[in-house]
Structure formats: structure tokens, C-alpha cells
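Every value quoted in this text rests on a predicted model; they were computed, and no experiment measured them. When reading the values below, keep in mind they use all heavy atoms of this one structure, side chains included, and skip hydrogens, waters and symmetry mates. We name chains A, B, ... by the order of the sequence lines, and we start the count at 1 in each one.
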2 protein chains.
Amino acid sequence: MTVIDSSPVTSPPVDVCVSVGSAHPRPDGQDRYTIREVAEYTGLSAPTLRWYEQIGLMPQVRRSPTGQRLFDNRDLDWLAFVTRLRMTGMPVADMVRFAELVRQGEATFAERREILRQTRREVIARIAELQDTLFVLESKIDFYGGAQGASERA
Amino acid sequence: MTVIDSSPVTSPPVDVCVSVGSAHPRPDGQDRYTIREVAEYTGLSAPTLRWYEQIGLMPQVRRSPTGQRLFDNRDLDWLAFVTRLRMTGMPVADMVRFAELVRQGEATFAERREILRQTRREVIARIAELQDTLFVLESKIDFYGGAQGASERA
DNA sequence: TAGGACCTTCAAGTGCGCTTGAAGCAAGAG
DNA sequence: CTCTTGCTTCAAGCGCACTTGAAGGTCCTA
């Protein structure tokens with residue numbers, strides 16, 4: 001982790017909790033992306049990206065001299081993380097709270113850690129539930145006639 | 001599907017795709033429950049139970065001579081299954097569709113099986129995603145200072 | 001037979017997570 | 001220079017899954 005940060009652009013490897021899941025290939029080699037590029041890359045819509053920024057779920061996004069958003073790799077990392085958190089079922093309001101803690105710097109490490117631990121607990125519980133559900137589904141599928149390709153059976 | 005209607009207590013094991021997950025202890029020994037009892041047992045609210053019936057997500061619930069709902073063990077089994085399906089993220093509309101197929105009898109076995117197989121695929125994918133997320137969470141928790149009880153670290 | 005808790009229906013309201021519309025500014029191609 | 005495409009803001013709208021409110025009937029206990 002600790003941020004990529006080659007030569008062009010990018011900010012120094014400050015605090016930040018980001019930059020863990022940056023495995024995806026980036027839209028291009030550089031560090032400036034339009035909202036459309038980010039939308040394509042993340043799968044979020046452009047309005048959603050604007051909305052995320054508006055509610056404080058994004059760090060302040062850089063702007064061009066004329067006011068257009070310029071996302072960078074850090075933003076992409078953050079969005080990848082946010083998308084993971086959404087996947088766990090975490091409400092947007094909670095993610096905004098987390099983003100606020102990130103903004104407040106290292107002093108909030110303990111609190112952030114606690115939030116993520118709680119989230120981890122919930123994810124583990126969720127996985128267990130889904131695995132139970134898998135068994136239920138399997139037994140019902142069997143009940144309906146397990147034969148793979150058979151189109152009917154009654 | 002072939003109404004309950006026996007004397008007291010449970011019906012014969014007809015068609016039905018229900019009755020797999022009936023492990024829970026029932027509110028009492030008999031086979032007639034008020035909406036309040038069912039609400040407590042299932043964790044769904046009474047309005048939600050009425051709404052489920054209204055949209056066709058429940059089989060027609062028996063009524064007392066004065067019009068009050070009388071749920072039975074079959075209804076409880078069905079609700080347990082529905083709750084599982086909800087847990088997978090299946091939209092209510094899709095569950096209504098499934099309930100319709102159940103009402104149509106054995107001729108829809110193949111289609112029901114296909115739906116559940118698709119659901120199973122989705123659940124498996126969901127579990128995989130959540131497990132990936134678990135790794136991300138763990139690496140971030142470590143980043144924030146893995147020490148269990150340490151309240152700060154910067 | 002009165003009171004209170006619980007049931008009924010129907011319709012409207014709520015909260016969440018976006019999405020869409022309106023009106024206008026900006027960047028690049030012909 | 002215009003034209004198209006894409007960006008901007010702000011506000012309103014939407015779909016889903018319930019929830020709540022209003023008005024009234026029912027059950028049960030005292």
C-alpha cells in the first residue's frame with residue numbers, strides 16, 4: 001500500500017486508508033480522469049459520483065480551471081474501497097461518517113479500525129447466513145428433481 | 001396448493017416446496033397463530049405480513065369466521081423460506097413470481113428449479129465477493145494498527 | 001356490558017440510494 | 001464560428017420495501 005505516487009501529479013503518501021485494492025488496470029497511464037472515465041472504470045454513474053462528492057463520501061475532488069472535475073488514482077482507490085463497503089450492505093450515511101474520520105487524519109485510526117472490525121464481524125455473519133441459505137436452496141433444488149437437464153419430471 | 005383444512009395440526013406432505021427449514025420451535029403446539037404470534041416468530045411486522053399476503057407473496061391465509069387471519073405451520077414454513085430468499089437479495093417481485101409458480105402446482109417444478117439454481121449461482125458469487133471484501137477489511141484493520149486493545153498508535 | 005387490547009381495510013407516507021430534468025458553461029471538430 | 005458532445009449545478013422524481021394513519025370491527029376479561 002502507501003500509495004503509488006510516481007512522478008507526475010499525485011499527492012504525498014499521507015495518512016489515508018486507501019490504496020489497498022488497486023489491482024485494476026487504470027483507464028490510462030496518467031493520473032487525471034474525467035468523470036466519464038471514472039464512471040466507466042468504477043461502474044458508478046456520473047450523477048452518482050457527483051452525489052457522492054456532494055454528500056461528503058468523496059474527498060474534495062480536484063477541479064480544472066474551468067470547474068470540471070479531475071479525478072486521480074487516489075480517488076479511484078477510494079472509490080474502489082467505497083464500493084466494497086457498499087457491497088457489505090453498509091449504509092451510505094455510515095460510509096460518510098467513515099470518510100469524515102479519514103479527513104480528520106491519524107487521530108481517528110482507532111475509531112476507524114473499530115468500525116472496520118465491526119464491519120468484518122457483520123460480513124462474517126452474512127457469509128454464514130448465505131451458506132445456510134445455500135443448503136436450503138440445494139435441498140429444494142433436489143426436491144424439484146436434481147436431474148441436470150431434465151425439463152420436466154412430474 | 002391444495003389447502004390445509006385437516007382437523008387440528010399439520011397437513012399431509014403434498015407437493016409444496018416448503019417444509020425444509022422447519023427447525024425452529026413453534027410458538028406453541030397447535031396449528032393456529034394470530035398475526036401477532038407470526039410477527040413475533042418471524043420477525044416480520046404485522047403490516048408486512050398483511051402486505052405479503054396482499055401482493056401474492058403468501059398463499060391465501062385462512063380466516064376465522066369473523067375475518068381474522070389464522071396462520072398455520074405451513075405458513076410459517078413458507079415465511080421462513082421467503083425470509084431466506086429475501087436474504088439473498090432477491091427482489092420481492094421475483095419472489096411473488098415464484099409464489100405464483102408454487103400455486104400452479106407440479107407442472108412448474110422445472111421452472112422453479114431453474115430459478116433456485118440461478119439464485120444459488122448468485123449466492124455463491126455473493127459469498128465470493130464478501131470473502132474478497134473480508135481480505136480487504138483485514139488488511140485495512142492491520143494498517144490501522146492490529147494491536148487488539150491499543151486505543152491509539154500514531 | 002364496558003373497557004382495552006388486538007384485529008380488519010384502504011390509502012397515504014417514509015427512507016434510502018440513486019436518477020432524471022432543466023438550464024447553462026466548456027472543449028474539440030469541421 | 002458553429003455544432004456537437006460533455007461538463008456544471010440545483011431540484012425534483014423514482015423504485016423499492018415497507019410503515020403509518022384513519023376509521024372501524026372483534027375478543028376477552030372484569
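Here A:Ser45 lies in heavy-atom contact (under 4.0 Å) with sugar-phosphate atoms only. Within 4.0 Å (heavy atoms only), B:Arg50 reaches at least one base atom of the nucleic acid.
Computed from coordinates, the A:Glu40 CD to D:dG6 P distance equals 10 Å when rounded to whole Å. Per the geometry, CD1 belonging to A:Ile35 stands 14 Å off C1' belonging to C:dC18, to the nearest Å. Distance, B:Leu49 CG to C:dC7 P: 11 Å, rounded to whole Å. For B:Leu57 and D:dA17, the CG to P distance is 10 Å, given to the nearest whole Å. Separating the CZ atom of B:Arg36 from the P atom of C:dA5 is a distance of 12 Å, rounded to the nearest angstrom. Distance B:Glu53 CD to D:dA17 P: 19 Å, rounded to the nearest Å. Separating the CZ atom of B:Arg62 from the P atom of C:dC7 is a distance of 16 Å, rounded to the nearest angstrom. The CE-P distance, from A:Met90 to C:dC16, rounds to 15 Å in whole Å.
Remark: the A:Tyr33 side chain and the A:Asn73 side chain contain an N/O donor-acceptor pair separated by less than 3.5 Å. Using modelled atom types and a 3.5 Å distance limit, the side chains of A:Gln118 and A:Glu122 yield a donor-acceptor pair.
Looking at A:Arg69 and A:Glu53, a side-chain N of the basic residue comes within less than 4.0 Å of a carboxylate O on the acidic one, giving a salt bridge.
Remark on DNA chain D: of its neighbouring residues B:Thr48 and A:Leu70, the 5'-side contact belongs to A:Leu70, judged by nearest-heavy-atom nucleotide. With DNA chain C read from its 5' end, the first of the two nearest nucleotides for A:Ser64 and A:Leu44 is the one closest to A:Leu44.
Closest to the B:Gln68 side chain, of the nucleotides D:dC27, D:dC7, D:dT20, is D:dC27. Closest approach to the B:Arg63 side chain among D:dT9, C:dT8, D:dA17 is made by C:dT8 (side chain taken as heavy atoms from C-beta onward). Of the candidates D:dA17, C:dT8, C:dC18, C:dC18 carries the atom nearest the A:Val92 side chain, counting heavy atoms from C-beta on. Here D:dT26 is the nucleotide among D:dT26, C:dC18, C:dT8 with the atom lying nearest to any side-chain atom of B:Thr66. Closest to the B:Pro91 side chain, of the nucleotides C:dT9, D:dA17, D:dC7, is D:dA17.
Distance check: B:Glu100 CD to B:Met95 CE gives 12.5 Å after rounding to the nearest 0.5 Å. To the nearest 0.5 Å, atoms CZ (A:Arg63) and OG1 (A:Thr66) are separated by 10.0 Å.
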